[in-house]
Amino acid sequence: MLFDRNGNEVLHYSKVHTCAFDLEKTLSPGEDFFVADLDIGRDIVKVGSMICFDREFPESARILMLKGAEVILAPNACPMEINRLCALRTRAYENMLAIATCNYPVGQPDCNGHSTVFDGVAWLRDESGVRDMCILEAPGEEGIYIADIDLDLLREYRANEVMGNKYRHPKKYRILASND
């Protein structure tokens, strides 16, 4: 659940991709991905969520982007190693959105910290080269880590760049929706 600054519930999400091991095999998966308007005081930001194993599927972030998400919140409970971090970076890159992951710290079973924020802006028009979209990678220790996502920069980037939904060909992707 996500609550706004006034204590109102704005998003209630159940993990779509559940794992078939440990106690998680007893969970009922969610049926859809949702995007909510989050009042942050000076602005409204479109927020979605993908929980832990959901982040392993590119479709999770793509659906949230197509539904208008600007920021994805991704609570997590597993080791954040190079491959998972690269996947999160890729989801932010290909969908031109920010992804903030909060992971349990070292000391919790099978967890190692390394919460991250990728801001989704891979380059700036007035600068040569690419930039690191990782604006925060926390250490393994428990703590409160803060990152500022520049929504104006992200929105300008989304309006002018080519990733996201601009050049997709959904009719050519029908095989993705089949179980064959």
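Quick caveat, the model's predicted, so the values are computed rather than measured.
- Residues forming a side-chain hydrogen bond (donor to acceptor under 3.5 Å, both in side chains) with Asp150 (at least two apart in sequence, or on another chain): none.
- With sequence neighbours excluded, the residues that form a side-chain hydrogen bond (donor to acceptor under 3.5 Å, both in side chains) with Glu56 are Arg84.
- Linking ILVMFWY side-chain heavy atoms closer than 4.5 Å, directly or via other members, places Met96 and Leu124 in a single hydrophobic cluster.
- When hydrophobic residues (I, L, V, M, F, W, Y) are linked wherever their side-chain heavy atoms come within less than 4.5 Å, the members clustered with Ile144 are Ile146.
- The environment of CG in Asn6 is crowded: more than 12 heavy-atom neighbours from other residues, nucleotides or ligands sit within 6.0 Å.
- Taking a 6.0 Å sphere around NZ of Lys25, one finds it holds 12 or fewer heavy atoms contributed by other residues, nucleotides or ligands.
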Name the atoms and distances for all side-chain donor-acceptor pairs under 3.5 Å in residues 132-142, with sequence neighbours left out.
{"unit_1": "Asp132", "atom_1": "OD1", "unit_2": "Arg89", "atom_2": "NH1", "d": "2.7"}
{"unit_1": "Asp132", "atom_1": "OD1", "unit_2": "Cys134", "atom_2": "N", "d": "2.9"}
{"unit_1": "Glu137", "atom_1": "OE2", "unit_2": "His114", "atom_2": "ND1", "d": "2.8"}

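- Residues passing the side-chain hydrogen bond (donor to acceptor under 3.5 Å, both in side chains) test with Asp54 are Tyr13, His17, sequence neighbours excluded.
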Intermediate values then yes/no, side-chain hydrogen bond (donor to acceptor under 3.5 Å, both in side chains), Asn160 and Arg125: CA-CA 9 Å; Asn160 294 302; Arg125 286 183 176 250; 4.6 Å; no
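- Atom CZ of Phe57 has more than 12 heavy atoms from other residues, nucleotides or ligands within 6.0 Å.
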Show every donor-acceptor pair shorter than 3.5 Å between a side-chain atom in residues 32-42 and any protein atom, with sequence neighbours excluded, or say none if there are none.
{"unit_1": "Asp32", "atom_1": "OD1", "unit_2": "Lys67", "atom_2": "NZ", "d": "2.9"}
{"unit_1": "Asp32", "atom_1": "OD2", "unit_2": "Lys67", "atom_2": "NZ", "d": "3.2"}
{"unit_1": "Asp37", "atom_1": "OD1", "unit_2": "Lys46", "atom_2": "NZ", "d": "2.8"}
{"unit_1": "Asp39", "atom_1": "OD1", "unit_2": "Arg5", "atom_2": "NE", "d": "3.1"}
{"unit_1": "Asp39", "atom_1": "OD1", "unit_2": "Gly41", "atom_2": "N", "d": "2.8"}

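- With sequence neighbours excluded, no residue forms a ring pair (Phe, Tyr, Trp, His ring centres under 6.0 Å) with Tyr104.
- Taking a 4.5 Å side-chain heavy-atom cut-off between Ile, Leu, Val, Met, Phe, Trp and Tyr, the cluster of Val106 contains only that residue.
- Contacts of His12 classified as ring pair (Phe, Tyr, Trp, His ring centres under 6.0 Å), with partners at least two apart in sequence or in another chain: none.
- Contacts of Arg155 classified as side-chain hydrogen bond (donor to acceptor under 3.5 Å, both in side chains), with partners at least two apart in sequence or in another chain: Asp43, Glu70.
- Contact of the Ile72 side chain with the Val47 side chain is not registered, since no non-hydrogen atoms from C-beta on lie closer than 4.5 Å.
- Within the structure, no pair that satisfies the ring pair (Phe, Tyr, Trp, His ring centres under 6.0 Å) test touches residues 127-151, not counting sequence neighbours.
- No chain of hydrophobic side-chain contacts below 4.5 Å, direct or via other Ile, Leu, Val, Met, Phe, Trp or Tyr residues, connects Phe53 to Leu73.
- Applying the salt bridge (charged side-chain N to carboxylate O under 4.0 Å, His left out) test to pairs two or more places apart or on separate chains, those with a residue in residues 90-116 are Arg91-Glu94.
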